[in-house]
Each structure stands twice: as C-alpha cells, then as structure tokens.
Amino acid sequence: MTTDTLAHHHHHDSSSKVIFGFWIFILTDFIVFATLFAAYAVLHNNTYGGLGIKDIVDLPYVLGQSLIFLTSSLSYGLAVVALKKGELKRVMQWLVVTFILGLTFVGLEYTEFAKIVQNGHSWQSSAFFSSFFTLVGLHGVHVVIGLLWMAIVMIQLTMQKITPTMQTRLACLGLFWDFLNIIWVFIFSIVYLMGAI
Amino acid sequence: MSNQHNVAHSEHETGHTKTKLYATGFIVSALLTLAAYFLVDKQLLSTCALYIAVGALAFIQAVTQVFCFVRSNTSKEDGRWNVLAFLFTIGVIIILVGGSLWIMYNLNYNMGR
C-alpha cells in the first residue's frame, strides 16, 4: 500500500511538471503571436494601392466563426469534466463535438482565404496582405495541429481508456485549445472589428 | 469505505463547479463578443470611442477566459510559478508590442516631415 501511494504521488508530481512545461511553451507561443500582432499593427495601412482590411472583412461571417470556436472551448471543458468523473463515453462524445466545431472553424477560414486569393490577391500583394495572412494563417495552422492532436488523443483513449498519462495529455491539449481561443479573441477584435470601424 | 465515499462526493462536487465555471465563461465571452460586434456593426459610438471600447471588451474577454478556462486546466501545486511566468510573459509582450508601435509611429512621423 505504501509503495502504491508513493508511486501514485511520484506520478502525480511528474504529470504536474509536464503540464507546467507545456504552460511555458504556450507562454512563448503567446510572444510569437504578440510579434505578429505588432507587425500587423505597423503594416496594416500599407496596402500598396490594393485592397485594405475594410474591403475584405465580412463581419457576420467572422462573428459566426468566433461563436463556433468559442463553443468548441466549452465542449472541450465538458469533456474534461467527464474525464474527471471517469465517464469515457461522455469524454469521447464531447471530444467529437469539439473536433467537428474546430473543423468547421478551419473550413470557414479556408473558404475566406480562398475567396481572397480567387479575387487575385495573395500573400505577396502588399505589406498588409503579408501581415494579415501570416497572423491569421498561423492561428489557423495552430488549430489544424490541435485537431490532429485531438484525433490522436481520441484514438489513444479508445485503446488505452482513462489512465493518468491520458489525463495529462488531455490537460495539455485543453491548455492549447484555450490558448487558441484567447488569441482568436484578439484577432477578431483587432484585425476584423477594428478593421471594419 | 466512508473515506472512499467522501472522495467520490468531492470529485462529483468539483465536476459540478467546473461545469458552472465553463458555462459562465462561455456565456460571458459570447455576450462580450456580441456586444463588440453590435457596437461596430451599428457604429454606435464615435470612431475613437469605438477603438477604445473594442479594445476594452477584448481585454475583459481575455481575462474572463484565463480565469474560467485556463486556470481550471493548470495544476494547483505549481500555481505560483504558473502565475509568475504568465506575468513575466505579459511584461515581455507589453514591451514588445508597445515598443514596436512607439518606434514605428515616431519613425513615420519624423520621416513624413
């Protein structure tokens, strides 16, 4: 019994270290996005005679995107609650909901970008488009990586069931997903809303 | 036996409060998003006031999400270090973004003269 308690304690300790390490990674990723926000703020008026943010922003469309992504954070939270209660089936259901919402978000963003490119604009058109595609696109790439990670975690959950290792992995993915939601709040407000003023 | 029951009970409690915390965070965030959207869509304020309002609403929403979503996913034992690293990052971001904007606008102003 003593060894069991010790082993449990030891594991708990290392898992909290893993989560702390992942938290440090997220904070550095925050700094990456902060640099890109600074670049966007400096360059967004340099449109080289082409379109600016005001010409391409579709507010109701982006509002829909925001609400879908926000809901995915809630459904992930509900998956974590089910995980704490040990209800594997519930966890899987909420993860599937989160995955579908995240995929919808990426699909909407892809459609938006495709429309801009179809109209003859690209990353190279102007300093504005460079900073716009880099900032918003990098967030999109992060979401795609998060979705791949979520798919892997779902496969591992069906194979390994709920173990302490899986709980640590889901906690890290949860932090990552919340981080992406916070970055999106700033993209929605600074790029889209302030761009439409 | 009674101890086990207690543990199960407290686990259930945390699940309940956590659900509440997530739901509150979601509703507050959704309301703030909609408020910012309608302010801009209907142009309810002057241009300068709109910029300030949208910035303030974004800031409040970010704080809400940190408290309701992020905080419940970090481990409690490292709480102090989590917060310390987070505050340091915010300091770096303020210097980085504020400094870039300050320098570039000054440069723009001086080169324009």
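Remember, it's a predicted structure, so these values are computed and weren't measured experimentally. Each chain gets a letter, A, B and so on, in the order the sequences are listed, and its residues count up from 1.
Top candidate by heavy-atom pairs under 4.5 Å with chain B, chosen from A/C172, A/A38, A/A39, A/G77, is A/G77. Among A/N181, A/V81, A/I197, the residue making the largest number of heavy-atom pairs under 4.5 Å with chain B is A/I197. Most heavy-atom pairs under 4.5 Å with chain B: of the set A/L63, A/V42, A/V62, this distinction falls to A/L63.
Residue contact with chain A, scored on non-hydrogen atoms closer than 4.5 Å, involves the side chain of B/V92 exclusively. A/F22 does not touch chain B: none of its heavy atoms, backbone or side chain, sits under 4.5 Å away. Contacts between A/T35 and chain B at a heavy-atom distance below 4.5 Å involve backbone atoms as well as side-chain atoms. Both the backbone and the side chain of A/I31 have a heavy atom closer than 4.5 Å to some heavy atom of chain B. In this structure, the portion of B/Y105 lying under 4.5 Å from any heavy atom of chain A is its side chain and not its backbone. Proximity to chain B involves both the backbone and the side chain of A/T71, based on heavy atoms less than 4.5 angstrom apart. Interface remark: A/F186 contributes side-chain atoms only to the contact with chain B (heavy atom separation under 4.5 Å). Both the backbone and the side chain of A/L27 come within less than 4.5 Å of a heavy atom of chain B.
Rounded to the nearest 0.5 angstrom, B/H16 NE2 and A/K85 NZ are separated by 8.5 Å. The CD1 atom of A/I190 sits 11.5 Å away from the OH atom of B/Y51 when rounded to the nearest 0.5 Å. Interatomic distance, B/Q61 CD to A/W184 CH2, rounded to the nearest 0.5 Å: 12.0 Å. A distance of 9.0 Å separates CD1 in A/I19 from CG in B/N82, rounded to the nearest 0.5 Å. Once rounded to the nearest 0.5 Å, the distance linking CZ of A/F37 with CD1 of B/I93 reads 10.0 Å.
More than 12 heavy atoms of other residues, nucleotides or ligands sit less than 6.0 Å from atom OH of A/Y61. For A/F25, the CZ atom counts as densely surrounded, since its 6.0 Å shell holds more than 12 non-hydrogen atoms of other residues, nucleotides or ligands. In A/W123, the CH2 atom is not crowded: 12 or fewer heavy atoms of neighbouring residues, nucleotides or ligands sit closer than 6.0 Å.
When every heavy atom of A/I182 is checked against every heavy atom of B/A62, the shortest pair comes out as CG2-CB, 4.2 Å. A/S66 and B/T33 make their closest contact through CB-CG2, 4.2 Å (heavy atoms, listed as atom of the first residue, atom of the second, distance). Contact detail for B/V97 and A/A34: the closest heavy-atom pair is CG2-O, 3.6 Å. Residues B/L101 and A/A41 come closest through the heavy atom pair CD2-CB, 3.5 Å. A pairwise comparison of heavy atoms in A/V185 and B/A58 identifies CG1-O, 3.8 Å as the closest pair.
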B/F26/A/L70 under side chain to side chain contact (heavy atoms under 4.5 Å, CB included): CA gap, chis, key distance, verdict:
CA-CA 7 Å; B/F26 172 73; A/L70 186 63; 3.8 Å; yes
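Taking the centre of each ring, A/W23 and B/F86 come in below the 6.0 Å mark.
Looking at heavy atoms from C-beta onward, B/Y37 lies in side-chain contact with A/P60 at the 4.5 angstrom threshold.
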